[in-house]
Amino acid sequence: MKILTIHQPMRNLSAFDTAAICVHSVLTASGLIEFTHLIYFIAMVERRVNREKPVIFSWFNITIISLSVSMTSLHASSGICVLERPDLFDAPIARAMAGLSLCVYELMYVWYTWLRSKVILKLKGRFRYNVASVVVKIAPGIYSAQFIILCFHLYWPNLSSKPATKLALNLATAIGGLALITFDSIMLLAFTSFLRENQMESVDVVSSVEVSKRFSIIALYGMGSCIMLMITLVLYLIMAFASYHTVHENLLQALGHGVMHGSFSLLVGMKVALHSSDLKEEQTDWLARNRRVANAARNEMASMSDRDAVQTVVAVCEVKSVDTERNSATINLSKRQEGFLNNTDKIFTQ
């Protein structure tokens, strides 16, 4: 009985809340597995291939590892927020962790997508490129302000000011969502346009730059990631404006995080696919170089054989010429001897 009085009882969880906790738990475990696989891939696979110039601490790897950490932390803290056990944790801290993880995820998503896709965006027009670059520049300020306002709202001691901080938080969240929707829409249009024109084999896909398979991989995976993040934003809008606050909110949030997890998985898949494409390209180049070396050696041997054959023919001709001259000299000598003998016979007969 004493054990039962140590912990306060949990609040009554609805079936939707229980389902949301299960979803967050599965996503947290999946995030830990993907984080481990990502670290192994970067530290072992990429490093083993690129021994001459290690890329472990490149901006690509830093941003995607930050994406993985923030996403896993978001799943765990969101599940804790749904559980609501004040005897085990401080609820404002869990909400602050969830808010920080979401802000870091959105910022790292913008940065990673920009780093991977800015070349494609530049090929599709300067206006889109300039708008997306503005979003990239102001994104740190937007999401930092969103997290700071969230902390003010959670820890502000004056309860009468809560409505004002709540309004400021909603405004900051709306601005952050608008920036992300703008960036995501621009990238989605650029990816779709690139893939469509590339499939049609249009000459205007890239003016003076050769279309590579690498760009196609980035566009394909980037388009899928953008679509999934759009679905997540739609679910957040439903939670914000529809009447699901009491029953379905936690489950909708968990489903939105699941779709967001799919967006991250596609970005990891893009990284792996680009690595595989680079390996295949290196193997193709290696085989082509070996084929060229073998052809050059074969041609050299053929030319050497031709020279040897010519030299043999010339030598045979010279030998035949010498034999012909020798035979003609022998014939002339025998004719002279025969004439001399005939003259001698004539002299003796007379």
Side-chain angles (χ1 to χ4, degrees), residues 7 9-42 63-109 112-113 150 173 177 180 184 221-240 242 244-273:
H7 299 292
M10 290 192 304
R11 70 180 181 90
N12 293 326
L13 297 175
S14 66
F16 297 103
D17 292 338
T18 305
I21 292 174
C22 292
V23 171
H24 285 303
S25 301
V26 172
L27 292 176
T28 302
S30 177
L32 290 173
I33 294 173
E34 286 186 343
F35 174 76
T36 305
H37 175 266
L38 183 62
I39 294 297
Y40 173 80
F41 181 80
I42 292 174
T63 51
I64 199 167
I65 289 174
S66 301
L67 271 172
S68 179
V69 172
S70 59
M71 183 196 63
T72 306
S73 174
L74 176 63
H75 295 327
S77 55
S78 298
I80 291 175
C81 290
V82 177
L83 190 61
E84 289 189 8
R85 287 291 300 269
D87 56 322
L88 298 178
F89 53 84
D90 188 7
I93 291 180
R95 292 191 178 92
M97 283 298 300
L100 176 62
S101 301
L102 181 61
C103 292
V104 172
Y105 181 90
E106 292 175 340
L107 178 60
M108 292 298 110
Y109 173 83
Y112 185 79
T113 308
L150 174 63
T173 305
L180 191 59
D184 217 35
Y221 281 87
M223 184 177 65
S225 178
C226 289
I227 291 174
M228 287 196 167
L229 198 61
M230 284 284 191
I231 296 174
T232 304
L233 295 174
V234 168
L235 291 175
Y236 270 101
L237 288 176
I238 292 175
M239 286 188 293
Y244 291 109
H245 182 71
T246 54
V247 182
H248 305 86
E249 180 185 13
N250 292 326
L251 182 57
L252 279 175
Q253 185 185 55
L255 294 177
H257 289 175
V259 180
M260 185 187 299
H261 192 109
S263 175
F264 166 75
S265 299
L266 283 176
L267 293 180
V268 176
M270 177 198 296
K271 183 177 182 64
V272 175

Original post:
What is the distance from atom CZ of R95 to atom CD1 of I80, rounded to the nearest 0.5 Å?
Top reply: 11.5 Å

Original post:
To the nearest 0.5 Å, what is the distance between CG (L27) and CG (L32)?
Top reply: 11.0 Å

Original post:
Are any side-chain N or O atoms of S263 and backbone N or O atoms of S225, one a donor and one an acceptor, separated by less than 3.5 Å?
Top reply: yes

Original post:
Would you say L102 and M260 make side-chain contact, with heavy atoms under 4.5 Å?
Top reply: yes

**OP:** State the CZ-OH distance between F264 and Y105, to the nearest 0.5 angstrom.
**Re:** 7.5 Å

**OP:** Mind running side-chain contact (heavy atoms from CB on, under 4.5 Å) on N250 and F16 for me, showing each step along the way?
**Re:** CA-CA 7 Å; N250 292 326; F16 297 103; over 6 Å; no

Subject >> Between CD1 on residue I42 and NE2 on residue H37, distance to nearest 0.5 Å >> reply: 10.5 Å

**OP:** Answer yes or no: is there a side-chain heavy-atom contact under 4.5 Å between M71 and F35?
**Re:** no

Original post:
Should the ring pair H261 and H75 be called parallel, tilted or perpendicular, given that the plane angle runs from 0 to 90° and is split at 30 and 60?
Top reply: parallel

Subject >> Side-chain donor-acceptor contact under 3.5 Å, E34 with S265 >> reply: yes

**OP:** Can you measure from OG1 (T113) to CG (D184) and round to the nearest 0.5 angstrom?
**Re:** 7.5 Å

Original post:
With a 4.5 Å limit on heavy-atom distance, are the side chains of H257 and V23 in contact?
Top reply: no

Original post:
Between S101 and S70, do the side chains contain an N or O donor and an N or O acceptor separated by less than 3.5 Å?
Top reply: no

Subject >> Side chains of I64 and V268 in contact at under 4.5 Å (non-hydrogen atoms) >> reply: yes

**OP:** Hey, could you give me the OG1/CD1 distance between T72 and I33, rounded to the nearest 0.5 Å?
**Re:** 10.5 Å

Subject >> Side-chain (S30) to main-chain (V26) donor-acceptor, under 3.5 angstrom >> reply: no

Original post:
Between V104 and L100, is any pair of side-chain heavy atoms under 4.5 Å apart?
Top reply: yes

Subject >> Shortest non-hydrogen contact from A98 toward S78 >> reply: CB-OG, 4.2 Å

Original post:
Closest heavy-atom contact between Y109 and L180?
Top reply: CD2-CD1, 3.9 Å

**OP:** Give the minimum heavy-atom separation between M270 and G222, together with the two atoms involved.
**Re:** CE-N, 3.6 Å

